[in-house]
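First up is the structure itself, then whatever we jot down about it.
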Amino acid sequence: MSTSAEPAVAKAAQTPGPAPGRKPSAASRLAARASGGLAQGILVLIALFWLMPTLGLLISSLRDPTDISSSGWWQVFTEPAQLTAENYSALFDNDVVVGSLWTTVLITVPSTVLVVVIGSLAGYAFAWLDFPGRDWLFLLVVGLLVVPVQVALIPVSKLFNTVGIFETTIGVITFHTAFGLPFAVFLLRNFFAEIPRELLEAARLDGAGELRLFTRVVMPLGGPAIASLGIFQFLWVWNDMLIALIFADGSSPPITVALQQQVRQFGNNIDILAPGAFVSMVIPLAVFFAFQRQFVSGVMAGAVK
Amino acid sequence: MKTVTAGAAAAPGAPPPVAKKGVLGTRPWVAACFLLPALVLLGALVLYPIGYSVFRSFFGADGSSFVGLDNYGELFSNEGIRTAIRNNVIWVVLAPTVSTALGLIYAVMTERIRWGTAFKLIIFMPMAISMLASGIIFRLVYEQDPDRGVANAVWVGVHDTFAESSAYPGARPRPDSGMARTAGGSFTTESAVRAGDPANLPLVGIPPAEMPKEAAGAEQARPEGGKITGTVWLDFVPGGKGEPGRIDSGEKALSGITVEAVRDGEVVAKATVGDDGTYSLPAAADGAQLRLPGSNFAEQYNGVDWLGPSFVTPAIIGSYIWMWAGFAMVLIAAGLAGVPRELLEAARVDGATEWQVFRKVTVPLLAPVLAVVLVTLMINVLKIFDLVYIIAPGATLDDANVLALQLYLSSFGADSDQGVGSAIAVLLLLLVLPVMLVNIRRIRRERRR
C-alpha cells in the first residue's frame with residue numbers, strides 16, 4: 001500500500017506514447033480511429049447518464065412545488081421560465097435548516113482537527129519513538145481499521161449517558177474522533193516513517209526537543225498525508241447520518257438528520273428536501289473539486305477502511 | 001517499507017547495534033504522552049465496545065437476564081432479521097462486483113482518451129456527497145409516476161416504442177348502445193351485423209382534454225356492397241348539445257381502435273379505425289358480432305414500481321453503484337498506470353486482439369488491485385444503512401431491510417431489544433474478522449522485511 005500522496009486521477013489519465021516500432025497500416029489506423037470515436041461517444045453517454053441524477057436534484061430544487069408535483073424536471077428544457085430561486089430563499093429563512101448547517105460545521109471542524117492532531121502525535125510515536133509493546137499496539141490499530149461503527153453504537157450510547165454527553169455535540173465529536181483514529185494513525189505512521197532519519201537526527205543534534213521536533217519537522221513534512229487525512233475525515237463527518245442520528249442533540253441536529261426527518265413525508269416537502277440536499281452537498285463538492293488529488297490519495301490509502 | 005528504522009529496531013532476536021534507548025533516543029514516558037490521547041479514545045470508544053457488545057449479546061432486552069445464545073437464535077428465526085440477512089447477501093454479492101466491473105471498464109476505456117480526467121471526475125464525484133443526499137437524489141429518480149421520475153420516464157418511453165400502447169384507456173360504450181362488456185376488458189355487440197347496414201359504435205368515457213389534439217371529426221361511414229362498415233367515435237361534445245348515438249358535428253373520431261368480427265368465438269375479420277372514425281370489414285364478417293378488444297382500452301403502461309417490494313433492493317443497489325463505481329475506477333486506473341506498457345505492446349505485436357490483451361494480460365496484472373477494491377467494497381456494503389433508510393419508502397422498508405438498519409431499529413427503535421442489536425453487531429464484526437486478520441498479517445510481514 002502506497003502512503004504517499006499520489007495524484008491518481010491525473011497520473012492515470014496520462015496518455016501513453018505511441019507504440020514503438022511497426023507503423024500501423026492505413027486501414028488499421030482508420031479502424032482504430034472509428035472505434036476510438038465510438039468509444040468516446042459511449043463515454044459521453046455514460047458521463048451524461050452519471051450526471052443526470054444530480055442534475056435532476058438541482059433542477060428540482062429550482063422549481064416551484066406545484067411544478068414539481070405535476071411534471072418532470074426535464075420540462076424546464078422546454079420551459080426555462082419555470083426556474084426560480086424561491087425554494088432557496090425559503091430554505092435560508094428556515095431557522096431549523098440554517099441552524100442545522102451551523103451544527104454540522106460545529107461537529108465537522110473539531111472532529112477533523114482533533115483527528116489530525118491526535119493521529120499525528122500517535123503516528124509520530126509509532127514511527128520514531130521507542131516504547132515497550134510498540135509493534136503490538138500498532139498491529140492492534142491496524143486491526144481496528146475495519147471495525148464497523150455499528151459495533152460501538154449501543155456501548156458508547158451507554159457510556160456517554162454515564163458521562164453525560166449523550167445527545168450532545170461534544171459526544172458526536174468524540175465518537176467521530178475515535179473512529180477516525182485507526183485510519184489516521186495508520187496513514188500518518190506510514191508517512192512519517194518515510195521521513196529521512198538524517199533529517200530528524202540533525203534536528204536532534206541542534207538541540208530540538210521531542211515536541212519541537214514534532215511541530216517543526218515532522219508535521220510540516222507530513223503535509224500531504226495530513227491534507228489527505230483532513231479532507232477524508234472532513235467529508236466523512238460532514239456526510240455522516242447514522243452517528244448523528246443516535247448521538248446528536250435532537251433539538252439542534254446536523255443537516256443530514258434535519259433532512260432525514262423530512263424524508264418520511266417525501267413528496268409533500270420536496271421544495272425543502274431538494275434544495276436542502278443540494279445545500280448539504282455544496283461544501284463537500286467544493287472540497288472535492290478543490291482538493292481532488294489529496295482526496296484520491298486519501299481514498300487510496302484508506303482502501304482497507 | 002524501505003525504512004530500516006521502525007521494523008528492524010523492534011524485531012525480536014536482532015537488537016540494533018546503536019540506538020539502545022530508542023529509535024531517536026527518547027524515554028518511554030515521552031512516547032506515552034504522544035500516544036495517550038489516541039489510546040484512551042481507541043480503548044474507550046472502539047475496543048471496549050467490542051467487548052461490551054459480545055457480553056451484552058448474551059442478555060435479554062432488559063439487560064439483566066442471561067439468555068445464552070437466544071439472541072443469536074433470534075437472528076435466524078425472526079422474519080425481519082432473516083430478510084435483512086438475505087438482502088445483505090444480495091448486496092454483498094451484487095454491489096461490489098458490479099461496481100468493480102464498471103470501474104474496470106471505465107478505467108480501461110478512459111486510459112487513452114484526452115478528456116479521461118474530466119470523465120473520471122464526473123464518475124467519481126458522487127463519492128464526495130453524503131448517502132443522505134444520494135438517497136434523496138434517487139428517491140426523485142425512482143418516483144413511480146413516469147411524468148416525474150426519470151427512471152420510469154425513460155423506461156416507459158422505451159417500452160412504448162416497442163410495445164403498442166392503448167390509445168383510449170377507460171373508454172366504454174354508452175349503456176344503451178347495444179354493446180356489452182365481455183372477457184378481457186373487451187366490448188361486443190349483442191346482435192350480429194349485416195353487410196350494407198352501417199354499424200356505428202359510439203363510445204364515451206374519455207375526457208375531451210385527454211383526446212389526442214390531432215383527432216379529426218367523425219364521419220358517417222358509407223355503406224359498401226358486401227362489406228360491413230361503420231364509425232367508431234367519441235359520442236360526446238362539451239356543452240351537452242350532442243344526441244346519444246348520433247354523429248354530431250364536433251364529435252371526434254377514435255382512430256386507431258381495432259374492430260374484430262367474431263363468429264362462434266373465432267375472429268373472422270379485423271380492421272383498424274381510420275382517421276375519420278370509419279372502418280370497413282370484408283364480407284366474411286357478415287353475420288358476425290363486432291368486438292372491440294380490451295387492448296384498445298387497457299390502462300396506460302405506468303412503468304416499473306422501482307420502490308415496490310420486489311425491486312426495492314436492486315433499485316437501492318443501483319444508487320450505491322452510482323456512488324461507488326468511481327471509487328473502483330480510480331483505484332483500478334492507478335493500478336493500470338503501473339502496468340508495464342511493454343507487456344501490452346508485446347502481446348499486441350504477437351497478434352493478440354484488444355480483447356485478448358485485456359483478458360489475458362491486463363486483468364491478471366490488475367488482480368491484486370481488483371481484490372483490494374472488491375474486499376473494500378464488501379466491507380463497506382456490509383455496513384450499508386443510510387441509502388436503504390432514505391430511499392425505501394415506509395411501505396417497503398421491511399422488504400429492503402439490511403443488517404445495519406435492523407441493528408439501528410432493534411437498538412434505538414420503538415420496541416428496542418439491545419440484546420438482539422448487540423448480537424447483530426457481533427455478527428457484523430465476525431463478518432469483517434477475516435479481513436482484519438489479513439490486514440494484520442500483511443502489516444506484520446511488511447515490517448519483518
Side-chain angles (χ1 to χ4, degrees), chain A residues 8-9 11-13 15-16 19 39 43 47 50-51 53 56-57 60 71-72 118 121-122 125 127-131 134-135 139 142-144 146-148 150-156 177-178 181 185 193 197 210 235 239 241-242 246 256 259 263 266 273 277 280-281 284-285 288 296 303-304, chain B residues 3 6 10 22-24 26 28 30-31 34-35 37-38 41-42 45-46 49-50 52-53 112 116-117 119-120 122-123 128-130 132-133 136-137 139-141 147-148 150 153 330 333-334 337 341 345 372 376 379 383 385-386 390 404 407 411 418 421 425 428-429 432 435-436 439-440 443:
Chain A
V9 169
K11 197 170 155 191
T15 44
L43 284 177
W50 230 260
L51 278 176
L57 179 77
S60 295
S71 64
I118 298 177
L121 286 169
W128 290 103
L129 303 183
D130 195 19
F131 52 91
R134 183 176 69 172
D135 281 17
L139 287 180
V142 170
L144 296 182
V146 290
V147 172
Q150 277 82 3
V151 175
L153 299 181
I154 295 171
V156 174
T177 308
L181 275 177
V185 174
R197 187 186 181 78
E210 219 54 72
L235 291 177
N239 288 336
M241 182 179 90
L242 174 61
I246 296 167
T256 47
L259 290 176
V263 170
F266 195 90
L273 272 178
S280 82
M281 285 162 56
L285 284 180
F288 169 73
V296 167
V304 286
Chain B
T3 46
V23 181
L24 278 176
T26 42
V30 177
F34 275 83
L35 279 172
L41 279 171
L42 285 175
L45 299 191
V46 187
I50 295 175
Y52 183 88
S53 288
R112 286 154 182 246
T117 310
F119 178 85
K120 287 200 176 90
I122 290 172
I123 306 293
I129 68 177
S130 64
L132 167 95
I136 293 173
I137 286 175
R139 269 298 275 269
L140 285 169
V141 167
D147 286 339
R148 286 186 291 166
V150 72
V330 165
R341 294 288 129 208
E345 283 312 323
V372 167
T376 308
I379 295 181
K383 302 180 286 186
F385 166 78
D386 314 31
I390 297 297
L407 184 150
S411 312
Q418 300 207 331
L428 282 177
L429 188 67
V432 299
V435 182
M436 189 188 283
N439 273 345
I440 292 178
I443 299 296

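Given the structure is predicted, the values throughout are model-derived calculations rather than measurements. Throughout, protein chains are lettered first and strands after them, A, B, ... in sequence-line order, and every chain is numbered starting at 1.
- The shortest side-chain heavy-atom distance between B/I137 and A/M281 falls under the 4.5 Å cut-off.
- Looking at A/L235, the atoms closer than 4.5 Å to chain B (heavy atoms on both sides) all sit in the side chain, from C-beta outward.
- Side-chain contact between A/Q150 and B/L429 is absent, with no heavy-atom pair separated by less than 4.5 Å.
- Rounded to the nearest 0.5 angstrom, A/L144 CG and B/I440 CD1 are separated by 8.0 Å.
- For the pair B/V432/A/P148, a side-chain contact is recorded, criterion being any heavy-atom separation below 4.5 Å from C-beta on.
- A distance of 11.5 Å separates CH2 in A/W50 from CD1 in B/I122, rounded to the nearest 0.5 Å.
- Ranked by heavy-atom pairs shorter than 4.5 Å toward chain B, the options A/T256, A/L242, A/V156, A/L285 are led by A/L242.
- Note: B/L132 CG to A/N239 CG = 9.0 Å, rounded to the nearest 0.5 Å.
- Of the possible polar contacts, one joining the B/S53 side chain to the A/V151 backbone as a donor-acceptor pair under 3.5 Å is found.
- Note: A/G72 leads A/P284, A/G72, A/S280, A/S60 in heavy-atom pairs under 4.5 Å with chain B.
- Note that the CD1 atom of A/I154 and the CG atom of B/L407 stand 5.5 Å from one another [nearest 0.5 Å].
- When each of B/L45, B/D147, B/L41 is checked for heavy-atom pairs under 4.5 Å with chain A, B/L45 comes out on top.
- The residue among A/T177, A/I118, A/L153, A/V185 with the most heavy atom pairs within less than 4.5 Å of chain B is A/I118.
- Among A/A47, A/P53, A/A277, the residue making the largest number of heavy-atom pairs under 4.5 Å with chain B is A/P53.
- Between the CZ atom of B/R139 and the CG atom of A/L57 there is a distance of 13.5 Å, given to the nearest 0.5 Å.
- The two atoms that bring A/A152 and B/P49 nearest to each other are CA-CB, 3.8 Å, heavy atoms only.
- From A/L129, atom CG reaches atom CG of B/L35 across 7.5 Å, with rounding to the nearest 0.5 Å.
- For B/V141, the part sitting under 4.5 Å from any heavy atom of chain A is the side chain, from C-beta outward, and nothing else.
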